[in-house]
Novice: 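The following block contains the structure, expressed as structure tokens.
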Amino acid sequence: MVSKFKKCLSDNIAAVIFLAFAAVCGVCLALGTPSEDGSITLDGENAKIDQSTLDFIEDSKAALARLMNQDAPTDEQTIAENDEEATGQGFYVTIDDILSRRLAPGASPYQCSRYTAYLATGKSVYSTKNIDYGPVNGKDVASWLVRNYGFKYIDKPVKGAIGSGGFNTTYGHTVLYLYSTGTNTAMVEDANYTPLTVSTHNMNINGYVWVVPGNYEPQPESKPTAPSSTESNTESSATSNTPSCSLLNVQSGDTMSAIMSRCKGYVVYGEAMNSYARSWFSTKIKPGQSVYDGWHSASGVGLYAGDVIRYEGE
């Protein structure tokens, strides 16, 4: 009984102090007389506070502070909500920051929402109670980044974009976008395609929404650049491409669909795109490797910025 009383008292000490203070004030207001210094006392004399009373006030403040400190949040998610210097806050994160945080395949333990939240913000833990999980369900990660971290929606995903989908399911899913592999398919990276481990794979992205950092601006569409005189000596003619698209210098941001659009005047996906990618070969960075084979290599890269690719016909 005594322990219950002590617990009740400690849990409600702030209310007890307030009620006691209110009672004293009520008595003074009802029965007291204003004194010269403006205080209200029972005899009309100026109020006097002895040292013991001052000590009691200070001790009460210290006790209240200790109790408040004991009740302070210890969960990382709660603390993070008030952390103004959280990594990635506002517009300071970039696409390069997101990509630089990618973990090696097989890293664990992670659920999809924790992994993409980490990529976007740099924060790896959101709750000590559920260490595998992120701040929200996978389908809500994109909107959470927009609300809390200054991200913005984009219509067409770019490498490094964070996507959420599965809005008709309980938990949904969230991924990191790498590159397109078809009309509604893409190579992505997530953390529970293989349970609780980071992996890169092809998947259907129909219905996904995509977000990027608020300071992201798309690069102007690159145009084919004329190869150097040395490279021109090795240029071969193309039958289905325009003459200027027989040998191309790959620019940062180039995609196979953009190259097809520029060189053939139209874009098709699926097996037709695969066939077209098989017709382009690296001559500088991965000599002899086709763009298609590069996509399906261990690195998952088909187009390398700074490479020179040759079209050899379909």
Side-chain angles (χ1 to χ4, degrees), residues 95-96 99 153-163 165 175-189 200-210 212 216-228 230-314:
I95 288 285
D96 289 339
L99 294 173
Y153 290 100
I154 55 174
D155 295 329
K156 185 177 180 180
V158 297
K159 185 175 182 180
I162 302 295
V175 299
L176 171 72
Y177 180 91
L178 297 177
Y179 57 85
S180 172
T181 58
T183 304
N184 286 315
T185 59
M187 192 65 68
V188 302
E189 186 169 292
T200 301
H201 59 95
N202 189 43
M203 68 171 251
N204 190 313
I205 58 170
N206 187 36
Y208 271 64
V209 297
W210 302 95
V212 292
Y216 171 80
E217 293 297 336
Q219 296 180 348
E221 185 175 345
S222 59
K223 297 181 180 180
T225 56
S228 65
T230 303
E231 294 159 352
S232 297
N233 293 333
T234 62
E235 182 174 340
S236 63
S237 60
T239 56
S240 60
N241 269 12
T242 61
S244 62
C245 285
S246 298
L247 202 65
L248 294 180
N249 289 335
V250 179
Q251 306 295 311
S252 177
D254 271 344
T255 62
M256 206 66 246
S257 58
I259 290 174
M260 178 183 277
S261 177
R262 294 198 303 266
C263 294
K264 298 179 76 71
Y266 60 86
V267 177
V268 290
Y269 293 97
E271 185 52 41
M273 173 64 76
N274 292 340
S275 178
Y276 188 60
R278 290 189 187 98
S279 303
W280 285 95
F281 292 83
S282 171
T283 66
K284 187 175 180 181
I285 294 181
K286 296 284 185 179
Q289 177 178 278
S290 74
V291 172
Y292 177 86
D293 291 334
W295 282 345
H296 292 79
S297 68
S299 65
V301 177
L303 292 169
Y304 299 85
D307 196 7
V308 178
I309 57 175
R310 181 198 306 279
Y311 180 73
E312 296 190 1
E314 297 171 70

Novice: Rounded to the nearest 0.5 Å, how far does CE of M273 lie from CE of M260?
Specialist: 4.5 Å

Novice: Of all heavy-atom pairs between V267 and S261, which one has the smallest distance, and what is that distance?
Specialist: CG2-CB, 3.5 Å

Novice: Could you go step by step and tell me if I259 and Y276 meet the side chain to side chain contact (heavy atoms under 4.5 Å, CB included) rule?
Specialist: CA-CA 10 Å; I259 290 174; Y276 188 60; 4.2 Å; yes

Novice: What is the distance from atom CD1 of I95 to atom CD of E217, rounded to the nearest 0.5 Å?
Specialist: 11.5 Å

Novice: Run the side chain to side chain contact (heavy atoms under 4.5 Å, CB included) check on H201 and V188 step by step: do they pass?
Specialist: CA-CA 6 Å; H201 59 95; V188 302; 3.9 Å; yes

Novice: What is the minimum heavy-atom distance between G160 and L99, and which atoms define it?
Specialist: CA-CD2, 3.8 Å

Novice: Minimum heavy-atom separation for S290 to A277, with atom names?
Specialist: CB-O, 4.0 Å

Novice: To the nearest 0.5 Å, tell me how far Y292 OH sits from S275 OG.
Specialist: 10.5 Å

Novice: Is any side-chain heavy atom of V158 less than 4.5 Å from a side-chain heavy atom of K156?
Specialist: no

Novice: What closest approach, in Å, do T181 and M187 show between heavy atoms, and which atom pair accounts for it?
Specialist: CG2-N, 3.8 Å

Novice: Taking side chain to side chain donor-acceptor pair (under 3.5 Å) as the definition, give me every residue that meets it alongside T283, ordered by chain and number, with sequence neighbours left out.
Specialist: none

Novice: Could you grab the distance from atom CD of E312 to atom OG of S246, nearest 0.5 Å is fine?
Specialist: 10.5 Å

Novice: Any idea which heavy atoms bring G306 and I285 closest together, and the distance?
Specialist: C-CD1, 4.2 Å

Novice: Using the side-chain contact (heavy atoms from CB on, under 4.5 Å) rule, pick out the option among Y304, F281, W280 that qualifies with Q289.
Specialist: Y304

Novice: Any side-chain heavy atom of V209 within less than 4.5 Å of one from Y153?
Specialist: yes

Novice: What are the two closest heavy atoms between C263 and L248, and how far apart are they?
Specialist: SG-CD1, 4.1 Å

Novice: OH/Y177 to CD1/I205 distance, rounded to the nearest 0.5 angstrom?
Specialist: 5.5 Å

Novice: Quick one: does any side-chain atom of Y208 pair with a main-chain N or O of V175 as donor and acceptor, under 3.5 Å?
Specialist: no

Novice: Main chain of I309, side chain of D307: is a donor-acceptor contact present, judged purely on distance under 3.5 Å?
Specialist: no

Novice: Hey, could you give me the CG/CG distance between D254 and L303, rounded to the nearest 0.5 Å?
Specialist: 6.5 Å

